[in-house]
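Everything on this sheet refers to the single structure shown next.
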Amino acid sequence: MRWGIACLMALMLCACADKSDPARTVTGADADNGLAVMSRVGCSACHMIPGVAWPQGLAGPSLAGFAKNPMISGRFPNQPDVLVRWLIDAPSMAPSTGMPAMPLTQSEAQDVAAYLYTLDD
């Protein structure tokens, strides 16, 4: 009986633990270059992006607070490897998406992902 109560108490303590996602990082990526890449390829034509003054697109969601979102496009886990794939060729992952395939190299997509993971406000 005591063992059962102890297990129940342990489970209750685990339920109260902080379940926030750890900070997402993209190893070897350059967030500052990611912002420059986003400006160059025109991501702000569709998205409002902190750090880009103009244009402020409304076709896609605002990217403010992106780092805190648990999902990408409401469908995929917000993890660096998934995000990089999404940034390069979203239609291959979700054919019905409005997000086009982007002219990004793997390195550029990693830099963009690194910048997006700085957006936690």
Query raised in the report: For the residue pair Y117 and A67, what are the closest heavy atoms and their distance?
Result: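 That closest heavy-atom pairing would be O-CB, 3.4 Å.
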Query raised in the report: Looking only at heavy atoms, which two atoms of A113 and V26 are closest? And how far apart?
Result: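 Nearest heavy atoms, A113 then V26: CB-CG2, 3.9 Å.
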Report summary line: OG1 of T118 to CG of L35, rounded to nearest 0.5 Å, is 8.0 Å
Report task. Find the distance between CD1 (I88) and CD (Q110) and round it off to the nearest 0.5 Å. Result -> 8.0 Å
Less than 3.5 Å apart, which donor and acceptor atoms pair up between the side chains of residues 49-66 and the rest of the protein, not counting sequence neighbours?
from	atom 1	to	atom 2	distance (Å)
Q56	NE2	A53	O	3.3
S62	OG	A64	N	3.2

Which pairs of donor and acceptor atoms, one on a side chain in residues 93-104, lie under 3.5 Å apart (sequence neighbours left out)?
from	atom 1	to	atom 2	distance (Å)
T97	OG1	M99	N	3.1

Query - Donor-acceptor pair, side chain of N78 and main chain of N69, under 3.5 angstrom - result: yes
Query raised in the report: Checking D111 side chain against D30 main chain: does a donor-acceptor pair fall under 3.5 Å?
Result: yes
Report task. Check the hydrophobic clustering (I, L, V, M, F, W, Y; side-chain heavy atoms under 4.5 Å; chains of links allowed) and say if I72 and V41 are grouped together. Result ->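 Yes, because I72 and V41 connect within a single hydrophobic cluster, where side-chain heavy atoms sit under 4.5 Å apart.
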**Report entry** M48-L116 co-clustered via ILVMFWY side chain contacts under 4.5 Å
**Finding:**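 Looking at the clustering, L116 is in a separate group from M48.
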Query raised in the report: How would you list, by chain and number, every residue that makes a salt bridge (Lys or Arg N to Asp or Glu O under 4.0 Å) with R75, sequence neighbours excluded?
Result: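 Listed in chain order: nothing, the list is empty.
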